[in-house]
Amino acid sequence: MLASLRFAVVLAAGLVTAATIGKLVPHIPWLASTFDTSLGLAGLLVSAVMVPGALVGWVLGGVVDRFGAKRVAIGGIGLHAAASFCLPYATSFGTLAALRVIEGIGYSLLIVGATVLVVGVSAARRRALALSVWSSFAPIGFALGQWAAAGVGGGDRLAEIGHVHAALLAGAAVALALLFPPDAPARGTAVSRPVRSALSYPPALRAAGAFGCATAVLLSAVALTPLVLAPAAGLSVAETARLTALAALPGIIGRFGSGWLLDRALAPLAVFASASVIGTASLVGCLLAPIPLALALVFFACFQICIGALPGVLSAMLPHVAPTPAQLGTVTGMSNQTANLGNLIGPPLVLSVFAAAGPGAASMVLVAAVALGLAAIGNVAVFRAARV
């Protein structure tokens, strides 16, 4: 019972923290107008949270391994709460961007520390399911943050958003502090030593690369699909985007389902292979087949379920690709780093092809990227060697 409660608290902390990615999305036009900048630059305020993890994710993971998961998770969520509270008082675009980067540091520290905490509170026979369910914190938290922020009115309510979010984060930090036992004393090993060791460990590198591929294709598909489907459906891009956003929600089923299957002793490769074949075929049907919008959305939902299972599989594999259990934080940080890089790089590349060559070429590029990414993931040796 206590283990389940601890897991629920960690998951809640992840959801509240991930809400920071979406909380500014509905207010991008207001931010651009208020700070006299372009929509593109205002949009960078959304992705700024991912920059620290994308640049120094493995270093942050090394901090977790040295100082302890609970200690770093609480420190990260506290830093995040402080930056969120200060966000409404920013008087310039630069200050606002800096606060978003600070939020990103706290976000990454909490996510890596919380992943290690999930491993610690999960029984070995349920660890795959726990990690797969935990991997759903990002898409669910993003959606919750966006929906909640959209419901409070105009951008002039930014103070309300920042302060409520800070209060929720503080509450999560208190719950973590009360429910989890103290970490072991910090080790004297320099942070750089486990980082260097993990960077030279092939299974950890392959798994990190796989995370980057999976997140890049998922977010690229979310960005491209409304642009491709809107003309044929006779709808605006905004209307189609709302429909595809709803169709993407079942992707959470893939995360949960992958953990459920792995918990029943199915090999990761079997789960991966089935999801890959069905998911790729569904994306082809959605983007390239001349079918009604309703059927295209069904195909898109199927793609999200199947390809969404891959982060669940990869999350379940993390304890198996760390050189030692004491380096799980470093390996998790590496995977968080490549996931953030995939989110930052994938959509702009695909949308650039769309702008230059049209929807057909962009669709084919995305399908090819999915195929190449899946091939890279499928060739990770650990899938054949490890059993969760």
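Each residue takes its place number in the sequence, starting with 1.
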Give a yes-or-no answer on whether the side chains of T330 and Q327 include a donor-acceptor pair shorter than 3.5 Å.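 Judged by distance alone, the side chains do not pair up.
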With no hydrogens and no angle check, just 3.5 Å: does a side-chain donor-acceptor pair link W134 and S315? no
Do [X] and [Y] belong together in a cluster built from hydrophobic side chains that touch within less than 4.5 Å?
X	Y	result
V298	I253	no
L205	V331	yes
L310	F299	no

Between the side chain of [X] and the main-chain N/O of [Y], is any donor-acceptor distance below 3.5 Å?
X	Y	value
T215	G212	yes
E103	V49	no
N336	G53	no
T332	T115	no
K70	L117	no

Taking all heavy atoms of [X] and all of [Y], pick out the closest pair and write down the distance.
X	Y	result
G14	I111	CA-CD1, 4.5 Å
A214	L314	CB-CD1, 4.4 Å
G333	V112	CA-CG2, 3.8 Å
N340	S108	ND2-OG, 4.4 Å
G279	F303	O-CD1, 3.4 Å
A81	A166	O-CB, 3.4 Å

For residues [X] and [Y], determine if any side-chain heavy atom of one lies less than 4.5 Å from a side-chain heavy atom of the other.
X	Y	answer
R100	T20	yes
L179	L5	yes
F93	T34	no
L218	Q304	yes
L318	F211	yes

Would you call the rings of H165 and H80 parallel, tilted or perpendicular, where under 30° means parallel and over 60° means perpendicular?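 It falls in the perpendicular class, over 60°.
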By side-chain hydrogen bond (donor to acceptor under 3.5 Å, both in side chains), which residues pair with T95, not counting sequence neighbours? S92
Tell me every residue that passes side chain to side chain contact (heavy atoms under 4.5 Å, CB included) with L79, counting only those two or more places apart in sequence or in another chain.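 So L79 forms a side chain to side chain contact (heavy atoms under 4.5 Å, CB included) with I102, I105.
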Scan the side chains in residues 135-142 for donor-acceptor partners under 3.5 Å anywhere in the protein, sequence neighbours excluded, and list what turns up.
unit_1, atom_1, unit_2, atom_2, d
S135, OG, S132, O, 2.6
S136, OG, V133, O, 2.6

